[in-house]
There are 2 protein chains.
Amino acid sequence: MSPGPQKSFDVEEAVLTARDLFWERGYDGTGIRDLEVAIGIGRKSLYDTFGSKRELYLRSLRKYADTVIQSICDGLEREGVGALANLERVLGKLQKHHGSDGSLGCLLGVAIGQIGADDEELAAFLRGVLDGMEQAFERCLREAMGAGEVRSDLQPRDAARQLVALSQGMALLGRVSDGPARSRSIIRAALAALRPVSSS
Amino acid sequence: MSPGPQKSFDVEEAVLTARDLFWERGYDGTGIRDLEVAIGIGRKSLYDTFGSKRELYLRSLRKYADTVIQSICDGLEREGVGALANLERVLGKLQKHHGSDGSLGCLLGVAIGQIGADDEELAAFLRGVLDGMEQAFERCLREAMGAGEVRSDLQPRDAARQLVALSQGMALLGRVSDGPARSRSIIRAALAALRPVSSS
DNA sequence: GCTATCCTTGACCGATCGGTTTCTGTTTGG
DNA sequence: CCAAACAGAAACCGATCGGTCAAGGATAGC
């Protein structure tokens with residue numbers, strides 16, 4: 001039923017390569033020729049496998065989103081330590097990844113910045129991903145508030161949305177920042193604002 | 001010394017038109033043909049006046065930044081009311097402008113999202129603009145803290161950077177949000193986090 | 001060996017890109 | 001009236017865009 005050789009390249013790895021290219025140069029800035037060369041396959045294989053440039057782009061975004069969402073949810077729900085400690089660790093990781101020198105920012109944020117005004121399909125997908133992040137943050141915040149680790153007068157949903165916006169803003173600013181100082185300040189301020197009491 | 005007619009179009013108004021086009025469609029998405037039609041001048045005049053597409057883009061960004069920075073600084077330094085009230089008003093204005101439905105986000109944020117990895121000239125300009133916003137926020141925060149309107153245990157610089165990141169993040173998310181609820185949450189949380197005491 | 005399937009290469013397509021140039025008014029100062 | 005400086009329209013440039021297509025090479029089952 002299937003004579004002939006198997007695919008000579010790993011499809012999922014090709015998606016990762018495409019993701020990195022889109023990440024670095026954006027959708028418009030990444031040409032079909034660039035993708036061919038980077039992935040190392042011919043154009044026919046590329047179109048046979050992925051259909052179109054846009055489909056490959058959406059697939060790259062989906063893969064990236066799955067990874068990021070999974071990582072954040074896992075980090076926020078780790079047992080054994082306090083919820084606030086989980087939050088601190090996750091925010092620290094985000095700062096390290098997206099706030100350092102030469103950062104490309106978050107691929108999702110870059111996608112939002114480049115989305116066309118009438119691209120409702122992509123907008124809906126991105127909304128969904130952001131909702132997932134927001135809910136993970138909200139669960140963690142509720143738990144931390146229950147344990148008295150976070151000011152109890154805050155609205156968990158508002159604070160969660162704030163953290164999502166903050167993460168995206170930090171990642172965006174990281175694209176033009178000249179060092180990790182700014183992003184460290186941002187995370188420090190976010191955590192300080194959550195703490196119930198403090199004296200310098 | 002200057003025979004011949006005056007320029008038949010308003011240069012500054014042309015920059016505003018170009019700004020709106022870049023804002024709506026991004027740099028790559030805006031073609032020279034689009035700019036001609038929108039501004040209403042021929043291509044020769046366009047190149048004679050502005051030099052190149054990129055120069056017109058930079059000029060648009062500069063004009064936008066001047067307007068925004070001016071507006072924020074004026075709003076934050078208004079006398080007669082408390083510094084926190086000024087901050088609340090400015091953040092509310094940002095939310096109204098960038099967080100509503102169909103928002104295009106902040107042009108500066110969009111530019112950051114679309115900047116090329118090796119475009120140091122544009123990156124330096126954007127860094128400068130963000131620094132200006134940060135300093136304006138920091139001055140306002142210091143004043144508010146001095147008046148006891150804001151928790152005194154916060155670091156003004158960290159909090160100012162947080163507000164810049166938050167503004168950019170909110171404006172970015174506004175591009176895919178389906179209503180003003182999210183951006184309102186974000187601003188509400190930011191202000192709640194600054195307040196020294198509260199018992200909802 | 002034959003055939004079918006997958007792969008790659010590379011030519012090719014119409015369209016559009018940023019930018020230059022040529023031409024034809026048209027308006028102004030002298 | 002004339003020359004200089006301006007304007008706009010459009011032809012034109014090489015390059016690149018996303019996408020298609022036709023021709024082989026390689027590998028598998030029969």
Side-chain angles (χ1 to χ4, degrees), chain A residues 1-61 111 114-119 121-122, chain B residues 1-61 111 114-119 121-122:
Chain A
M1 194 51 95
S2 65
Q6 300 296 319
K7 279 197 188 303
S8 72
F9 63 96
D10 186 321
V11 175
E12 293 309 316
E13 195 148 345
V15 175
L16 289 180
T17 304
R19 178 204 62 180
D20 291 342
L21 222 54
F22 284 128
W23 203 347
E24 185 183 334
R25 313 182 192 178
Y27 182 76
D28 287 327
T30 304
I32 297 290
R33 280 95 179 157
D34 302 325
L35 291 165
E36 295 178 50
V37 173
I39 299 178
I41 65 176
R43 196 171 309 186
K44 186 166 192 309
S45 308
L46 202 158
Y47 275 90
D48 284 348
T49 308
F50 300 110
S52 69
K53 178 187 175 184
R54 178 180 165 88
E55 285 180 70
L56 177 53
Y57 179 59
L58 294 178
R59 191 157 166 179
S60 302
L61 287 184
Q114 300 177 339
I115 191 175
D118 58 347
D119 194 342
E121 178 193 15
L122 183 48
Chain B
M1 190 54 90
S2 66
Q6 300 296 316
K7 279 201 186 301
S8 72
F9 62 97
D10 185 320
V11 176
E12 293 309 316
E13 195 148 346
V15 174
L16 288 180
T17 304
R19 178 203 63 177
D20 291 342
L21 221 54
F22 284 128
W23 201 349
E24 184 182 336
R25 312 182 192 180
Y27 181 76
D28 287 327
T30 305
I32 296 291
R33 279 95 180 159
D34 303 325
L35 290 166
E36 296 177 50
V37 173
I39 299 178
I41 63 176
R43 197 171 309 184
K44 185 169 192 309
S45 308
L46 202 158
Y47 274 90
D48 284 348
T49 308
F50 301 109
S52 70
K53 178 186 173 184
R54 179 179 165 87
E55 285 179 72
L56 177 54
Y57 180 59
L58 294 179
R59 190 157 166 178
S60 302
L61 287 184
Q114 299 177 340
I115 190 174
D118 57 347
D119 194 342
E121 178 194 13
L122 183 48

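All chains are named by letter (A, B, ...) in the order of the sequence lines, taking the proteins before the strands, and each is independently numbered beginning at 1.
Residues A:Glu55 and A:Tyr47 have side chains not in contact (no heavy-atom distance under 4.5 Å, counting atoms from C-beta outward). Two residues are said to be in side-chain contact when any heavy atoms from C-beta on lie closer than 4.5 Å; B:Phe22 and B:Leu61 fail this criterion.
By the side chain to side chain donor-acceptor pair (under 3.5 Å) test, B:Glu24 pairs with no residue at all, sequence neighbours left out. For A:Phe50, there are no ring pair (Phe, Tyr, Trp, His ring centres under 6.0 Å) partners at least two apart in sequence or on another chain. Evaluation of the side chain to side chain donor-acceptor pair (under 3.5 Å) rule for A:Glu121 yields A:Arg54 as partners, not counting sequence neighbours.
Proximity of residues 12-19 of chain B to DNA chain C (heavy atom under 4.0 angstrom from any strand atom) is not detected for any residue.
When rounded to the nearest whole Å, the span between CD of B:Glu36 and P of C:dG18 equals 10 Å. Between the C1' atom of D:dG8 and the CD1 atom of B:Ile39 lies a distance of 14 Å, rounded to the nearest Å. Distance, A:Asp48 CG to C:dT8 P: 10 Å, rounded to whole Å. Protein atom CG of B:Leu46 is 16 Å distant from nucleotide atom P of C:dT21, rounded to whole Å.
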* Structure fact -> Reading nucleotides 15-24 of chain D from 5' to 3' and marking B where a protein heavy atom lies under 4.0 Å of the base, S where only the sugar-phosphate is that close, and - otherwise, the string is --BBBBBB--

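Side-chain nitrogen and oxygen atoms of A:Ser45 include none within less than 4.0 Å of the OP1 or OP2 phosphate oxygen of C:dC7.
A salt bridge is defined here as a Lys NZ or Arg NE, NH1 or NH2 lying under 4.0 Å from an Asp or Glu carboxylate O, and A:Arg59 with A:Glu12 meets this definition.
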List the atom pairs, with distances to 0.1 Å, where a side-chain N or O of residues 29-42 of chain A and a protein N or O form a donor-acceptor pair under 3.5 Å, not counting sequence neighbours.
from	atom 1	to	atom 2	distance (Å)
A:Thr30	OG1	A:Leu21	O	3.4
A:Thr30	OG1	A:Gly26	O	2.6
A:Asp34	OD2	A:Arg25	NH1	3.4
A:Asp34	OD2	A:Gly31	N	3.0
A:Glu36	OE2	A:Arg43	NE	2.6
A:Glu36	OE2	A:Arg43	NH2	2.7

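Note: A:Tyr57 and A:Tyr27 have tilted aromatic rings, judged against thresholds of 30 and 60 degrees for the angle between ring planes.
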